[in-house]
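For reference, the structure discussed in these notes is given below.
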Amino acid sequence: MDTMVSLGIGCGLGAGLFQSLSYLCIRLFNKRHNDNIIALLALSHILMGLISIPLAGMLWPESMPGVRAYQWPLLGSAGFYLSGQFFLFAAIIHSEPSRVSPLLGLKVFILALISVIFLDQQFNMPKWIAVLLTTGAVLLLSRSGKRLEGRFILLGLVACVSYCLSDLCVKELVDHFAFLGVLRGAVMATALSYVVCGAVGAVVVMVNPRHSTWDTWLYAVPFAICWFTAMIFLFSCFGLIGVVFGNILQSTRGIISIVLGFVIAHIGFQTLEPKPTHRMVVQRMVAAVLMTLAVVLFLI
């Protein structure tokens with residue numbers, strides 16, 4: 001395994017960890033602010049946009065191409081992402097993060113189909129088995145507790161498609177800045193995307209100022225920090241090892257969310273995550289094994 005692949009795997013796992021933490025931050029915010037997902041989306045993205053402006057400035061090269069050269073992947077990465085966030089938040093506010101986040105692992109299967117049908121990519125048999133194992137593990141995780149209602153499954157699937165389209169735009173955007181080096185280019189792409197997202201958040205707050213209070217700003221900070229960190233890892237992962245393998249690694253967030261939920265439930269925060277039953281624990285262990293096998297097979 002070469003250094004680039006090893007670094008890409010590390011970035012993918014880092015993205016999964018910080019996304020899992022961010023889902024708990026969503027629940028924390030919603031418990032405090034009556035499921036006001038619009039406020040969290042708007043304020044957190046303003047915060048991430050404010051972080052992104054100086055970050056992009058520090059990375060800005062003298063030979064920076066004009067906006068027209070990368071405007072469509074930039075707008076696609078931000079626009080489809082915001083759509084996915086809205087539908088994901090709408091699902092999470094009525095369920096535990098460890099029940100909803102595994103559904104996003106279906107992105108792997110959807111991305112594989114898009115890549116083969118529309119982007120003329122080819123996968124060998126071990127890679128297709130890896131895709132199917134990941135999908136199976138995700139479905140097992142999503143059933144390792146009380147059954148999700150159909151409307152939440154639908155919201156999760158719409159979020160999946162939106163995220164898939166965003167991921168493909170992200171890869172194109174990161175590749176556009178490859179002349180800066182993969183990691184620096186990935187951070188630049190992240191910063192530019194979240195400047196756009198921050199601008200959208202600012203418009204939402206201007207239209208409806210009641211979302212902006214001292215308390216909502218305060219509770220939006222943990223999510224903004226965790227999510228922005230996850231996105232730097234994720235953009236880097238896509239630049240290093242591609243979108244499909246990156247999403248297989250990112251799917252470990254389902255297992256990580258469950259581990260975090262188990263710890264949180266057992267230290268007394270059952271309002272965020274209920275304690276799992278023995279059967280649920282066994283299902284989750286099997287899913288973890290399947291996910292591990294999927295990663296190994298994709299490396300073949």
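Note that the structure is predicted; figures quoted are calculated from it, not measured. Nothing fancy with the numbering, it's 1 onward along the sequence.
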Centres of the [X] and [Y] rings: under 6.0 Å?
X      : Y      : result
Phe228 : His45  : no
Phe29  : Tyr219 : no
Tyr81  : Phe86  : no
Tyr70  : Phe177 : yes

Taking atom [atom1] of [X] and atom [atom2] of [Y], what is their separation to the nearest 0.5 Å?
X      : Y      : atom1 : atom2 : value
Leu155 : Cys160 : CG    : SG    : 11.0 Å
Ile26  : Leu41  : CD1   : CG    : 8.0 Å
Leu234 : Asp167 : CG    : CG    : 6.0 Å
Cys237 : Met231 : SG    : CE    : 10.5 Å
Leu75  : Ser193 : CG    : OG    : 9.5 Å
Leu7   : Leu183 : CG    : CG    : 5.5 Å

Within a strict 4.5 Å, meaning less than it, do heavy atoms of the [X] and [Y] side chains meet?
X      : Y      : result
Thr190 : Ser52  : no
Phe18  : Ile225 : no
Val244 : Phe298 : yes
Gln85  : Ser162 : no
Leu240 : Val5   : no
Leu180 : Met188 : yes
Val116 : Trp128 : yes
Ile110 : Lys107 : no

Is the terminal nitrogen or CZ of Lys171 (NZ for Lys, CZ for Arg) located under 6.0 angstrom from the six-membered ring centre of Phe238 and within 45° of that ring's axis? no

How close do [X] and [Y] get, heavy atom to heavy atom, and via which atoms?
X      : Y      : result
Val174 : Ala189 : CG2-CB, 3.8 Å
Asp215 : Arg32  : OD2-NE, 2.8 Å
Ala294 : Thr134 : CB-OG1, 3.2 Å
Leu192 : Met64  : CD1-CE, 4.1 Å
Arg184 : Leu59  : NH2-O, 2.9 Å
Ser236 : Val182 : O-CG1, 4.5 Å

Ser44 side-chain N/O to Leu40 backbone N/O, donor-acceptor pair under 3.5 Å: yes

Examine distances only and state if a side-chain atom of Asn247 and a backbone atom of Gln250 form a donor-acceptor pair shorter than 3.5 Å. no

Indicate the ring-plane relationship of Phe235 and Tyr194, choosing parallel, tilted or perpendicular according to the 30° and 60° boundaries. tilted

Side chains of [X] and [Y]: do they bring a donor and an acceptor to under 3.5 Å?
X      : Y      : value
Ser212 : Trp217 : yes
Ser166 : Ser77  : no
Thr213 : Thr216 : yes

Under the criterion side-chain contact (heavy atoms from CB on, under 4.5 Å), I'd like the reasoning laid out for Phe109 against Leu132: C-alpha separation, chi angles, the key distance, then a yes or no. CA-CA 7 Å; Phe109 186 70; Leu132 294 175; 4.0 Å; yes

Between [X] and [Y], is there shared hydrophobic-cluster membership here, with clusters defined by ILVMFWY side-chain heavy atoms closer than 4.5 Å?
X      : Y      : result
Val200 : Val170 : yes
Ile46  : Phe223 : no
Phe179 : Trp60  : yes
Val108 : Ile117 : yes
Phe80  : Leu113 : yes

Show the numbers, then the answer: is there a side chain to side chain donor-acceptor pair (under 3.5 Å) between Ser6 and Thr3? CA-CA 5 Å; Ser6 298; Thr3 304; over 6 Å; no

